[in-house]
Amino acid sequence: MKLLALDTATTAVTVAVLDDDAVLADRTQLDARRHTEILAPCLDEAVRASGIARTDLEAIAVGVGPGPFTGLRVGIATALTLAHVLGIPAYGVCSLDAVAAQVDSPDFLVATDARRREVYWARYAGGARVTGPEVARPGDLPEELRELPTAGRGPELYPDLFPTPVDVLDASAAALGRLAARALATGEDLLPVRPLYLRAPDAQPSTGPKSVLPR
Amino acid sequence: MSEPIVLGIESSCDETGVALVRGTTLLGDALASSVDEHVRFGGVVPEVASRAHLEAIVPMLERACADAGLTLADVDAVAVTAGPGLAGALMVGVSAAKAVAWALDRPLYGVNHLCAHVCADVLDHGPLPEPTVALLVSGGHTDLLLVRDIATDVEALGRTIDDAAGEAFDKVARVLGVPYPGGPHLDRLATQGDSTAIRFPRGLTSGRDLERHRFDFSFSGLKTAVVRWVQERERAGLDVPVADVAASFAEAVADVLTRKAIDACRTHGITDLQIGGGVTANSQLRAMAEERCATAGINLRVPRVRLCTDNGAMVAALGAQVVARGLPPAGLGLGTDSSLPVSSVSVV
């Protein structure tokens with residue numbers, strides 16, 4: 001199956017084209033603030049380099065977070081629209097899994113930047129996600145979790161709290177695509193293409209007009 | 001050969017609009033609004049709006065095509081609002097537009113939301129007379145523009161220096177206990193009121209303010225004056241004549257908007273005025289603009305309300321003008337600009 005994979009939930013804007021398990025081409029750029037500008041050029045380059053015509057793509061896999069909302073939506077809006085226009089299915093993958101798939105360790109943590117002094121995190125053991133994804137202040141995580149080998153940007157942002165960094169910082173579309181290809185081949189369920197926000201919009205209901213008169 | 005079919009996508013605030021236009025003909029139009037989700041917050045919450053855009057974008061693409069009896073394969077070019085607007089909201093529309101353009105291998109055009117509002121009128125009344133003065137009044141914008149060429153040459157004459165006119169309506173509605181969005185509710189109330197009952201201030205219309213801000217607007221002082229007037233009555237234990245307040249407030253807004261728009265026409269020797277934006281739905285503004293333009297010998301153009309509020313049709317209409325001039329498309333690297341100046345009609 002010819003699969004397009006992409007993720008915008010971490011600092012990386014990452015795109016890969018796969019034929020089953022084989023990665024034909026991938027493009028990754030690091031820039032947490034320019035997902036909108038970067039994604040489509042990466043996509044175009046990766047597909048051109050893969051030698052596959054855009055109309056021959058058969059499915060799309062996209063990271064559905066958790067991740068900073070604005071960037072996350074760039075990837076999901078792109079995937080949903082592409083799937084609609086090309087008439088192919090789109091599947092969701094937890095973006096933390098696309099970080100974890102690059103880590104070689106029996107028991108570890110992924111902690112990525114959730115902004116506002118928080119991290120998105122999940123724990124992996126024996127090759128599977130066993131806890132999460134969740135959002136938390138890093139200091140609120142129990143010490144035995146924080147001391148596990150930790151991938152993602154958490155250790156870079158909070159070095160005192162995550163003392164055992166693993167040198168895998170961001171999601172990889174190639175890794176995400178392999179996860180999706182394997183799941184599709186074995187008939188495992190993937191996620192719906194809906195963002196894993198994990199937080200409600202930050203807004204307070206209106207309390208009515210304030211007085212403009214002197215007290 | 002017939003003119004190209006342009007797909008337009010709008011997502012700058014709380015409306016997800018998608019439409020198909022050929023030349024100045026609207027072929028299909030779809031609109032989803034998240035306005036109901038913002039009511040309890042008393043205003044548009046950017047994150048709520050952005051989430052709603054993501055839910056709505058593909059259904060609106062489907063609905064616009066169904067409405068036109070066309071498929072996306074019939075689309076010759078894609079236009080999208082690149083700004084101004086809420087950054088996170090704009091990014092959903094721009095990402096979707098890029099995906100359509102890339103998947104279909106069609107050119108992509110990033111266009112200016114404010115210029116698109118002006119251009120909406122071509123769908124109701126045909127090509128714009130040029131030059132024309134355009135007044136854009138909505139919940140997010142209050143701008144007076146000089147349009148020499150809608151695709152290439154738009155100049156900002158003035159704008160609000162504080163609140164947008166529509167924002168003032170929302171805030172006055174709140175103090176009168178009227179639900180969000182304030183415009184339609186206040187307009188209904190005002191029909192029972194006396195618009196000359198209370199003389200509210202007209203911002204930037206006299207003395208040095210007028211000299212320095214001839215074509216600019218200010219509604220913050222007006223809003224505060226209304227709130228103060230109401231709260232003083234309440235504190236004194238008097239009834240608040242809600243309909244009179246609504247009518248007198250709208251009168252003050254309409255007076256300033258039309259006075260400055262007509263002054264701009266006269267100053268630049270222009271005999272055409274185009275008004276757009278959601279506040280155009282206000283009946284006092286429409287009536288006053290008609291009356292004053294007739295007296296001043298100015299031709300007034302106002303599109304139907306559906307084309308005045310945010311929509312995809314206006315974006316497709318401006319895209320069609322930009323395509324027709326043979327202007328260069330944007331690359332796939334197109335970004336959003338939440339404060340895109342009106343002089344950038346299209347961005348590369």
Side-chain angles (χ1 to χ4, degrees), chain A residues 4 6 8 13 29 33-45 47-48 53-55 57 60 62 64 68-88 90 193-195 197 199-215, chain B residues 11 37-43 45-51 53-55 57-59 61-62 72-73 75 87-105 108 171-177 180 223-225 227-228 230-232 234-235 331-336:
Chain A
L4 175 70
L6 58 104
T8 57
V13 171
Q29 270 197 55
R33 305 268 171 192
R34 297 182 71 241
H35 288 129
T36 310
E37 290 87 333
I38 293 170
L39 178 61
C42 281
L43 176 76
D44 188 51
E45 281 177 30
V47 173
R48 281 174 198 277
R54 58 196 89 183
T55 47
L57 292 169
I60 299 175
V62 59
V64 292
F69 305 154
T70 300
L72 176 62
R73 276 189 289 263
V74 168
I76 295 178
T78 301
L80 286 171
T81 310
L82 282 178
H84 172 64
V85 181
L86 295 171
I88 58 178
V193 184
R194 294 179 65 98
Y197 287 121
R199 274 202 292 239
D202 183 24
Q204 296 300 317
S206 166
T207 52
K210 294 186 192 75
S211 176
V212 297
L213 303 181
R215 283 173 201 277
Chain B
S11 72
E37 295 174 55
H38 302 288
V39 170
R40 71 194 181 97
F41 301 110
V45 180
E47 177 60 23
V48 172
S50 300
R51 290 185 181 195
H53 286 306
L54 187 63
E55 304 269 321
I57 188 71
V58 169
L61 282 168
E62 286 176 322
L72 284 171
V75 168
L90 289 165
M91 285 181 205
V92 176
V94 168
S95 298
K98 286 186 189 184
V100 176
W102 181 82
L104 297 172
D105 200 10
L108 171 72
K171 289 175 177 171
V172 165
R174 258 172 78 169
V175 81
L176 293 178
Y180 175 88
K223 169 206 72 189
T224 305
V227 173
R228 179 184 297 274
V230 169
Q231 291 179 343
E232 279 172 355
E234 285 169 344
R235 183 176 281 189
L332 286 174
L334 175 68
T336 61

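Throughout, protein chains are lettered first and strands after them, A, B, ... in sequence-line order, and every chain is numbered starting at 1.
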Contact class of [X] relative to chain B, heavy atoms under 4.5 angstrom:
X      : answer
A79(A) : neither
R34(A) : neither
I76(A) : both

Report which part of [X] has an atom under 4.5 Å of a heavy atom belonging to chain A: side chain, backbone, both, or neither.
X       : value
E234(B) : neither
V45(B)  : side chain
V175(B) : both
L72(B)  : side chain
R51(B)  : both

request  = Kindly say whether T36(A) contributes a backbone atom to a donor-acceptor pair with the side chain of K98(B) at under 3.5 angstrom?
outcome  = yes

request  = Answer yes or no: is there a donor N or O on one side and an acceptor on the other, between the side chain of S11(B) and the main chain of A89(B), under 3.5 Å?
outcome  = yes

Among [options], who wins on heavy-atom pairs under 4.5 Å with chain B?
options                 : result
L43(A), I38(A), L57(A)  : L43(A)
R73(A), E37(A), R194(A) : R73(A)
T70(A), D202(A), V85(A) : V85(A)

query = Going through the distances and angles, do R54(A) and D44(A) end up as a side-chain contact (heavy atoms from CB on, under 4.5 Å)?
reply = CA-CA 9 Å; R54(A) 58 196 89 183; D44(A) 188 51; 4.2 Å; yes

